[in-house]
Amino acid sequence: MTAMLKAVSGTNDIFAQAREYPFREPVFRYITQTAEEVLRGAGAQMIHTPIFEYLEVLQKGVGLTSDIVVKKEMYVLEDRGGRVLGLRPEPTASMVRAYNQHGMKVWPQPVRLFTWGPIFRGERQQKGRYKQFHQVDYEALGLSDPLLDAEAIALMLRIYKTLGLKDLEVRLGSVGDPEDRDRFNQYLRGLFRPYAEVLSEESRVRLETNPMRILDSKSETDQQIVAGLPVRPMLEFLGDESRAFHQKVCHYLTQLGVPYAIDASIVRGLDYYVRTAWEVHHAKIGAKSALGGGGRYDGLSEMLGGPRVPGVGFGIGIERVAIALEEEGVEIPADPSPILYLAPLDEAAKIEALALAEQLRPKIYVELGYTPKSPRKALEDALKKGARYVGFLGEGERVKGIVTLKHLESGEQKELEPLQLHSLFEGP
RNA sequence: GUGAGCGUAGCUCAGCAGGUUAGAGCACUGGUCUGUGGAUCCAGGGGUCGUGGGUUCAAAUCCCAUCGCUCACCCCA
């Protein structure tokens, strides 16, 4: 006997009756639709890219020293013919790849795109962290102007607010330009070199390759060393240009009335980020408080073999947002209930009911009682479905060529011919 | 990768000082009610008690292993 197969842990079925609020399909739809309205209304265009790409696209996109590559969090698969593919661990690389592939550089710039869909990371699951999760993603490509950074942050925040979230905090930082990071890394090497002997093996390697990652090492001794040192933040190592850029973003946000807090500790897990980086946090969802994050990635396109295409964008974690919505007790608009419930009372009426339902369905939402049953049961079913009317189809109706239509709220009941039924639901 | 908790019906759980055939509520199907309002009452379907092994006359219950799930650390979405 084979054990019943189950979904991979860290993945979720999203449907209306799901036990946990964050996985209820209407919640999911509420979030994606709201985001879609806000972003379309801001002039962004929807795009759907594949959820898998050649591994090079994703690896270069994400950077070789990022956790996703280093900790082997990417799902890798082999295509026929041996080309290696990966499931996207973030959508930005695909968006930039699409921009390049379709020559969007000749469109009026910036090109502003958005999408939503599944993202995959091979992490162990916990609340708010899944192997397959979903993001709304927005990217503004082809123009390097702090105005776009400020707009992206404002749009992101407006999505959260339109959804009904409060207690939001924008944490804004800058990871500088590559030269700035080189300077910062030099500084860190100098700072940590005296401790090379006591650092973890991993961090000893990082000392040469990527000293910034020592700062968030998971080794306890490393953490103690870091805590004991007067580490200056990246933000203090910005060059003139990137500092001016950062100040412009801050200035624009202030003018827009978007509140934010400078967070010098923000270091993006993804390598291609430059300059602006931010996270949006929510007070009530605890440790996993990041509802989304974004940043600028002016060098990404070139890494993908394209022209230099500056870009800024953000990702919103749909499940995280759903958790926050639940915490705040936001009511999700109910799905519409049926106008008419058609109840066959005997075998012969089944197909009559279906035929009638199909005639009426272009106009109104018709539910069908699939199994013939007593009028009493049919009525109960109709009530459970929340229908406005019940139409009975049985022996008596067949003889007279009518449908018995009952209005559930008033209890009023009449016998209608098909034509009368059609005109009743004709609507204004 | 590290640590903790939990696995009994579709769901929520009881049963566990070892003892016939493993239970309740909800949900589902039907009857009560022979063509009309979510009720009531009754009945039914649905479980190799996560899996494997051990102890015992006897294991859902005790022991061991294993798998699975959940949560937390880290990172982040």
Side-chain angles (χ1 to χ4, degrees), chain A residues 1-12 17-20 22 31 62 66-68 70-73 88-92 116 118-137 156 171 200 202 213 215-220 222-223 265-270 277 279-282 285-295 314-324 341 343-346 349 371-387 390-398 404-413:
Chain A
M1 186 83 72
T2 326
M4 187 173 69
L5 296 168
K6 293 197 282 191
V8 175
S9 94
T11 69
N12 298 100
Q17 297 84 352
R19 187 137 292 276
E20 293 170 273
I31 295 169
V62 119
S66 78
D67 274 358
I68 289 171
V70 171
K71 291 160 81 178
K72 301 190 166 52
E73 285 176 3
R88 62 180 182 191
E90 55 87 36
T92 308
W116 64 263
I119 304 292
F120 307 87
R121 291 185 200 171
E123 293 188 281
R124 191 179 296 180
Q125 109 154 51
Q126 63 183 281
K127 193 174 178 66
R129 193 180 80 178
Y130 309 99
K131 286 180 175 150
Q132 174 174 328
F133 61 101
H134 299 79
Q135 278 189 2
V136 173
D137 187 72
M156 195 178 177
R171 296 184 194 164
S200 69
E202 236 178 315
R213 297 220 67 83
L215 296 178
D216 46 56
S217 165
K218 64 186 176 189
S219 143
E220 264 194 45
D222 290 359
Q223 294 278 11
S265 71
I266 287 194
V267 183
R268 303 269 67 176
L270 312 177
E279 289 169 7
V280 176
H281 288 254
H282 186 260
I285 70 171
K288 299 283 166 296
S289 69
L291 295 183
F314 61 75
I316 290 176
I318 295 177
E319 286 85 350
R320 293 275 176 90
V321 169
I323 291 169
Y341 181 91
L345 301 179
D346 58 26
T371 310
K373 51 188 76 174
S374 71
R376 172 182 292 268
K377 296 283 187 199
L379 216 41
E380 280 179 24
D381 286 354
L383 287 162
K384 280 180 198 160
K385 299 267 188 191
V390 185
F392 294 108
L393 285 161
E395 178 75 40
E397 285 78 7
R398 190 154 42 244
T404 304
L405 189 75
K406 187 183 180 89
H407 185 250
L408 281 165
E409 204 184 329
S410 65
E412 249 176 76
Q413 185 165 313

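Note on naming: letters A, B, ... go to the chains in the order of the sequence lines (proteins, then strands), and numbering restarts at 1 for each one.
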For rG5(B), the Watson-Crick or wobble partner whose two distances fall under 3.5 Å = rC69(B)
ask   = Rounding to the closest angstrom, what is the interatomic distance between rA65(B) and rG5(B) at atom P?
value = 14 Å
request  = List for me each residue that meets side-chain contact (heavy atoms from CB on, under 4.5 Å) alongside Pro118(A), sequence neighbours excluded, and say none if there are none.
outcome  = Ile51(A), Arg88(A), Phe120(A), Gln132(A), His134(A)
message = I need the Leu291(A) CG to Ile318(A) CD1 distance, nearest 0.5 Å.
response = 12.0 Å
request  = Please identify each residue that fulfils salt bridge (charged side-chain N to carboxylate O under 4.0 Å, His left out) with Lys373(A), with sequence neighbours left out.
outcome  = Asp381(A)
ask   = Taking atom P in both rA59(B) and rG53(B), what distance in whole Å separates the two?
value = 13 Å
ask   = If you measure only the distance, is there a donor-acceptor pair under 3.5 Å linking the side chains of His407(A) and Glu409(A)?
value = no
ask   = Mind checking who rG19(B) pairs with, Watson-Crick or G-U wobble, both distances under 3.5 Å?
value = rC57(B)
message = Using the side-chain contact (heavy atoms from CB on, under 4.5 Å) criterion, which residues pair with Pro22(A)? Sequence neighbours excluded.
response = Glu20(A), Ala322(A), Ile323(A), Glu326(A)
Rounded distance in Å - CD (Glu395(A)) to P (rU34(B)) = 17 Å
message = Rounded to whole Å, how long is the line connecting atom CD of Glu319(A) with atom C1' of rC76(B)?
response = 14 Å
note = Across all chains, not counting sequence neighbours, the side-chain contact (heavy atoms from CB on, under 4.5 Å) partners of Ile316(A) are Val136(A), Met156(A), Ile159(A), Tyr160(A), Phe314(A), Val321(A)
query = Looking only at atom P, what distance separates rU70(B) and rG37(B), rounded to whole Å?
reply = 45 Å
inquiry  = Could you tell me how far rG15(B) sits from rG47(B) if I compare only their C1' atoms? Round to whole Å.
reply    = 14 Å
message = Distance check, rounded to the nearest 0.5 Å: Phe392(A) atom CZ versus Leu379(A) atom CG?
response = 5.0 Å
key: Rounded interatomic separation in angstrom, taking CD from Glu73(A) and P from rG1(B)   = 12 Å
Mind listing the N/O atom pairs, protein and nucleotides 11-14 of chain B, below 3.5 Å?
residue: rC11(B); atom: O3'; partner: Arg19(A); partner atom: NE; Å: 3.4
residue: rC11(B); atom: O2'; partner: Arg19(A); partner atom: NE; Å: 3.4
residue: rC11(B); atom: O2'; partner: Arg19(A); partner atom: NH1; Å: 3.1
residue: rC11(B); atom: O2'; partner: Arg19(A); partner atom: NH2; Å: 2.6

side-chain contact (heavy atoms from CB on, under 4.5 Å) involving Arg376(A) - partner list, sequence neighbours excluded = Ser374(A), Glu380(A)
query = Please give, in whole Å, the distance from rC76(B) C1' to Glu123(A) CD?
reply = 7 Å
remark   = Those residues at least two apart in sequence (or on a different chain) that pass side chain to side chain donor-acceptor pair (under 3.5 Å) with Gln125(A) are none
ask   = What does rA24(B) pair with, Watson-Crick or G-U, if both distances are under 3.5 Å?
value = rU12(B)
Interatomic distance, Arg129(A) CZ vs rU2(B) C1' [rounded to whole Å] = 12 Å
ask   = Taking the same atom, P, in rC26(B) and in rA43(B), what whole-Å distance lies between them?
value = 14 Å
ask   = Between Arg129(A) (side chain) and Arg124(A) (backbone), is there a donor-acceptor pair under 3.5 Å?
value = yes
Identify the pairs formed between an N or O of the protein and an N or O of nucleotides 36-38 of chain B at a distance under 3.5 Å, and give each distance.
residue: rU36(B); atom: O2; partner: Lys406(A); partner atom: NZ; Å: 3.3
residue: rU36(B); atom: N3; partner: Gln413(A); partner atom: OE1; Å: 2.9
residue: rU36(B); atom: N3; partner: Gln413(A); partner atom: NE2; Å: 3.3
residue: rU36(B); atom: O4; partner: Gln413(A); partner atom: NE2; Å: 2.6
residue: rG37(B); atom: OP1; partner: Arg376(A); partner atom: NH1; Å: 3.4
residue: rG37(B); atom: OP1; partner: Arg376(A); partner atom: NH2; Å: 2.8
residue: rG37(B); atom: O6; partner: Leu408(A); partner atom: O; Å: 3.3
residue: rG37(B); atom: N1; partner: Leu408(A); partner atom: O; Å: 2.3
residue: rG37(B); atom: N2; partner: Leu408(A); partner atom: O; Å: 3.1
residue: rG38(B); atom: N2; partner: Leu383(A); partner atom: O; Å: 3.3

task = For Arg121(A) and Pro89(A), indicate whether the former's side chain and the latter's backbone hold a donor-acceptor pair under 3.5 Å.
result = yes
Report, one pair per line, the protein and nucleotides 69-71 of chain B atoms (nitrogen or oxygen only) whose separation is under 3.5 Å.
residue: rC69(B); atom: OP1; partner: Ser9(A); partner atom: N; Å: 3.4
residue: rU70(B); atom: OP1; partner: Gln125(A); partner atom: OE1; Å: 3.3
residue: rU70(B); atom: OP1; partner: Gln125(A); partner atom: NE2; Å: 3.3
residue: rU70(B); atom: OP2; partner: Gln125(A); partner atom: OE1; Å: 3.3
residue: rC71(B); atom: OP2; partner: Gln125(A); partner atom: NE2; Å: 3.1

request  = Hey, which sits more toward the 5' end of RNA chain B by its nearest nucleotide, His281(A) or Gly394(A)?
outcome  = Gly394(A)
query = rC11(B) and rU21(B): how far apart are their C1' atoms, nearest whole angstrom?
reply = 25 Å
query = Among all residues two or more places apart in sequence or in another chain, which pass the ring-ring contact (aromatic ring centres under 6.0 Å, His included) test with Tyr130(A)?
reply = Phe23(A)
query = What about Gln132(A), does its side chain sit under 3.5 Å from the base of rA77(B) through a donor-acceptor pair?
reply = no
ask   = In terms of the nearest nucleotide of RNA chain B, which residue is placed more toward the 5' end: Leu393(A) or Val280(A)?
value = Leu393(A)
key: Spacing of Gln17(A) atom CD relative to rG10(B) atom C1', expressed in whole Å   = 12 Å
inquiry  = Looking at Glu90(A) and Thr92(A), would you say the former's side chain and the latter's main chain have a donor-acceptor pair under 3.5 Å?
reply    = yes
message = Without decimals, in angstroms, what is the distance between Arg121(A) CZ and rC74(B) P?
response = 17 Å
ask   = How long is the line joining NZ of Lys131(A) and C1' of rC76(B), in whole Å?
value = 16 Å
